[in-house]
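Both ligands and their constituent atoms are indexed starting at 1 by order of listing. We're numbering straight along the sequence, starting at 1.
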Amino acid sequence: MATKHTTATLTIDGKSLDLPVLHPTIGPDVVDIRKLYAEGDVFTFDPGFTSTAACESAITYIDGDKGDLLYRGYPIEQLAEKSHYLEVCYLLMNGELPSRLQMEDFERRITRHTMLHEQIHYFFRGFRRDSHPMATMVGVVGAMSAFYHDSLDINDPSQREIAAMRMIAKLPTIAAMAYKYSLGQPFVYPRNDLDYAANFLHMCFSVPAEPYHVDPILARAMDLIFTLHADHEQNASTSTVRLAGSSGANPFACIAAGIACLWGPAHGGANQACLEMLREIGTVDRIPEYIARAKDKTDPFRLMGFGHRVYKNFDPRAKVLKKAADDVLGLLGIGDNETLKVAKELERIALEDPYFVDKKLYPNVDFYSGIILEAMGFPTAMFTPIFALSRTVGWISQWREMLNDKNQKIGRPRQLYIGAPMRDYVPVEAR
Ligand code: CMC
């Protein structure tokens, strides 16, 4: 709970209102305007929520100026190096790192929920083979509400817990099935003897006709990508999940809403768009042409994987991924990959260009992730589904936190109305 020590005074038309100022554990103070409309008869106007805190949260903290990202207080760099995805899931959901026994129990529970209701397989057949896997995922995750009736009651903590476990466990299975369906290959069932990341690679890349060996280097890289995408406080998709959940919608419907929002190219869809852009640039000598286009106000082109609403410094996730891209491509013997060369040179040039420097535009998480995923064998269409399955734990943790918050109300923003004032209906013959 934030503490309150001071007040801010707002004067409108000579009338003064005292507004409490809340102090977070870290980060800027927050003016509490909840009573503003009732006492001052005014709204605030903040499209894009650039200055608005929509909730209290104890899960993730970002300092955009310094480029810090903390999950439950732990720096992302330390978690990326020393932890692993399922431990990070436990941390995000429960607030503390698990003991050995707690970890074993959590892993066992997730592993036992990886299979899908067999009838869900038939859903996939309703989609065209060339559907984007994100389209399939939005549909199938939403449809989970029609299968798991015993975990829909949001007022029952044990049902909330089971729904959370089911989604963390089953999203990789759904994403892998969406991929297999697009290839026309048989679905591959999960293997409970593999860890979370290795099992996902197995479901994506193995076929029943021959044995498949999961490369531990790729499994570690996959786990790292999952970890770096696990949560990112109140971004667009997380806010969508919270808003959907605020009406009492069931957990599967809320996560499907989050997946839909993540798909956009300004958000999770940027990883696909970024790799497509790097491929389109193709060679280092064409970079200046694209830099010029990104700066041209008459051209809608933007440098994908650059810029962030909150980070006005390096996205710490991009730093970890840049090194991981070098390591993974090096270990796979493709370190001289042309796309990686274009990415590094593009980053170097952009970071020296006054346009990008003045606007504080730095590489974000999507800049290097696509290069790694491509090297691992994923097509671009799978990049955003991988982001979605990694972020599921963040969405669920935020949704559960919201339901436990006694200040939580249905999300209902107001507006600055600029339409016609009240007027009388005009019969068609008089128009
Ligand atoms: N290339 C060129 N110019 C840019 C870019 C870019 N990538 N990003 C921002 N700008 C310019 C923009 O034109 C604007 O200029 P001006 O002030 O002259 O009008 C200024 O920088 C501020 O941009 P904004 O759009 O007002 O900033 P925002 O906070 O609303 O947008 C963003 C943030 C991430 C949507 C935006 O930077 C962007 O579109 N980036 C490319 C897409 C991308 O990489 N998205 C992934 C974000 S991180 C992962 C995630 O969220 O899922």
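Protein residues lining ligand 1, listed by chain and number: P265, A266, H267, G268, A270, A294, K297, R302, L303, M304, G305, F306, G307, H308, R309, Y355, K359, L361, N364, V365, D366, F387 [non-hydrogen atoms, distance under 4.0 Å].
Residue pairs meeting the ring pair (Phe, Tyr, Trp, His ring centres under 6.0 Å) criterion with at least one member in residues 397-416: none, sequence neighbours excluded.
Classification of the F205-Y212 ring pair by plane angle, with boundaries at 30° and 60°, yields tilted. Ring-plane geometry between W263 and H132 is classed as tilted, the angle between the planes lying from 30 to 60 degrees on a 0 to 90 degree scale.
Taking the ring centre of Y355 as origin, the terminal cationic atom of K359 falls inside the region bounded by 6.0 Å and 45° from the ring axis.
For the pair K341 and E338, the salt-bridge criterion is met [side-chain N within less than 4.0 Å of a carboxylate O]. The existence of a salt bridge linking R293 and E289 is excluded, since no basic side-chain nitrogen approaches an acidic carboxylate oxygen closer than 4.0 Å.
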